[in-house]
Protein chains: 2
Amino acid sequence: MKKTETRIQKKNHSAIKAAGLKVFAQFGFRGSTLDQIATESGLSKPNILYYFSSKEAIYEALLAQLLTDWLQPVRDIDPAGDPVEEILKYAKHKLKMSRLYPRESRLYANEIIQGAPRIKSVLTGELRDVVATLAQLIKNWSEAGLIRVIDPYHLIFSIWAMTQHYADFDVQVQAVLGDGDHFDDAEQYLEDMLRRMLTV
Amino acid sequence: MKKTETRIQKKNHSAIKAAGLKVFAQFGFRGSTLDQIATESGLSKPNILYYFSSKEAIYEALLAQLLTDWLQPVRDIDPAGDPVEEILKYAKHKLKMSRLYPRESRLYANEIIQGAPRIKSVLTGELRDVVATLAQLIKNWSEAGLIRVIDPYHLIFSIWAMTQHYADFDVQVQAVLGDGDHFDDAEQYLEDMLRRMLTV
DNA sequence: CGTTAGTTTTACCAGTTGGTCAAATTAATT
DNA sequence: AATTAATTTGACCAACTGGTAAAACTAACG
């Protein structure tokens with residue numbers, strides 16, 4: 001029912017969300033404070049609470065946005081497309097998200113590690129369904145002989161794990177490989193891996 | 001220099017560490033409170049501070065233990081062994097750690113996601129060196145024609161990512177696959193993946 | 001320009017936080 | 001049993017926490 005958002009509302013809403021993303025991604029929900037978000041956004045604490053009813057409201061707005069952004073690419077997989085290329089397209093998209101939006105990835109990782117208290121219903125609902133559909137599609141592809149027979153769920157997990165790793169464990173990757181962007185190498189490795197796993 | 005630990009000291013030190021592990025793994029350092037650890041351990045808050053000088057001291061004791069436990073298996077890889085079997089052995093060991101000690105994995109994940117403020121020096125020091133040695137070994141194996149030519153670093157990252165995923169993202173795995181133990185399937189998938197990636 | 005709606009600030013509060021301290025209790029040693 | 005060392009507790013504190021209330025300010029609009 002949000003009709004008219006004023007210019008100032010639009011600016012501050014997004015400033016708060018940007019600041020919240022930064023802070024929540026680093027410290028998790030409980031480890032983050034409104035003061036941090038206030039400082040980061042350049043607004044005062046009461047001013048923040050003028051735009052969002054609570055600390056939790058900011059967090060949940062971020063999570064909600066995140067979940068829709070993450071589920072869409074799974075739905076975009078084309079059952080009529082070439083199986084290997086479709087899965088590769090999805091995996092590369094996921095990796096690109098890790099490169100461009102590492103904080104979103106970390107925010108999500110924090111939430112999941114801590115037991116997903118606020119989105120468990122989404123996980124067992126929407127996420128589960130979307131993944132089940134994809135798994136069925138992969139299974140069909142397998143049975144049609146278009147890709148190798150493979151456990152679709154663990155295939156999906158391996159894509160998630162590897163792509164998110166480069167965002168969530170970025171500090172560790174940088175420590176081991178040295179500073180710089182390693183996403184191109186990661187993409188090459190990932191593509192190689194998936195082709196080997198999928199082609200008969 | 002810790003010489004004689006009394007019976008009570010031994011008991012309480014480990015009770016506090018066990019409680020700290022549980023709490024820190026779920027909420028991260030900043031999101032955890034001494035009161036939670038006190039309740040969880042059955043000791044009073046001042047009593048906890050009688051055994052550990054601060055909240056941070058508990059956290060760091062846990063991290064230190066963790067790091068040594070995690071680096072050892074990398075060192076245990078036998079350069080004279082069969083390459084594929086050695087890498088498989090390591091990967092399976094890592095997966096078993098995720099199954100048996102998921103909280104340790106989550107504690108570490110929390111620390112890394114939050115930028116590893118207290119162990120960055122270990123990452124760029126000990127971890128980096130150990131991984132560099134392993135990477136060199138893998139490269140040698142490649143050049144000797146014992147395994148396929150492969151990026152050793154991203155191979156290692158993929159093992160870490162996939163094994164830790166089942167501990168750190170357990171809630172999500174359970175949501176998608178249903179409750180139960182999925183580590184046996186995960187191991188099978190992992191072994192299949194690694195054999196395909198490593199054999200010529 | 002005046003009015004109203006929208007925005008920001010100042011001052012504040014009750015609950016929680018990590019941590020201290022001295023007194024009380026318990027265990028170990030002589 | 002007496003003494004000493006180790007352990008536990010209760011009372012407390014200053015800093016910080018999420019959040020509130022009302023006043024002050026600013027923008028939009030006729």
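So that the names make sense, note that chain A is the first sequence line, chain B the second, and so on, each numbered from 1. Since we're looking at a predicted model, the values are computed, not measured.
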Where protein sits on nucleotides 4-12 of chain D, one letter per nucleotide: B base, S sugar-phosphate only, - none, heavy atoms under 4.0 Å
--SBBBB--

Starting at [atom1] of [X], measure out to [atom2] of [Y] and round the result to the nearest 0.5 Å.
X	Y	atom1	atom2	value
Thr33(B)	Lys45(B)	OG1	NZ	8.0 Å
Ile48(B)	Ile58(B)	CD1	CD1	5.5 Å
His154(A)	Asp185(B)	NE2	CG	4.5 Å

Extract from the structure each pairing of a protein N or O with an N or O of nucleotides 22-24 of chain D at less than 3.5 Å, listing the distance.
none

Aromatic plane relationship, Phe157(B) with Trp160(B) - under 30° parallel, 30 to 60° tilted, over 60° perpendicular:
tilted

List for me each residue that meets salt bridge (Lys or Arg N to Asp or Glu O under 4.0 Å) alongside Glu104(B), sequence neighbours excluded, and say none if there are none.
none

Suppose we screen for salt bridge (Lys or Arg N to Asp or Glu O under 4.0 Å). Which residues come up paired with Lys22(B), at least two apart in sequence or across chains?
Glu40(B)

Residues Asp184(B) and Arg99(B) bridged, charged N to O under 4.0 Å:
yes

Quick one: [X] [atom1] to [N] [atom2], roughly how many Å, whole number?
X	N	atom1	atom2	result
Ile16(A)	dG19(D)	CD1	P	13 Å
Lys10(A)	dG6(C)	NZ	P	16 Å
Leu49(A)	dC13(C)	CG	P	18 Å
Tyr59(A)	dG19(D)	OH	C1'	20 Å
Lys55(B)	dT17(C)	NZ	C1'	8 Å

Between Ile8(B) and Leu43(B), is there shared hydrophobic-cluster membership here, with clusters defined by ILVMFWY side-chain heavy atoms closer than 4.5 Å?
yes

Among the clusters formed by ILVMFWY side chains lying less than 4.5 Å apart, do Ile113(A) and Leu21(A) turn up in the same one?
no

Hey, can you pull the residues of residues 30-41 of chain A with a non-hydrogen atom under 4.0 angstrom from DNA chain D?
Ser32(A), Thr33(A), Leu34(A), Asp35(A)

Identify, with sequence neighbours excluded, every residue that meets side chain to side chain donor-acceptor pair (under 3.5 Å) alongside Glu191(A).
Lys92(A), Arg195(A)

Single hit among Phe52(B), Tyr108(B), Phe29(B), Phe27(B) for ring pair (Phe, Tyr, Trp, His ring centres under 6.0 Å) with Tyr59(B):
Phe29(B)

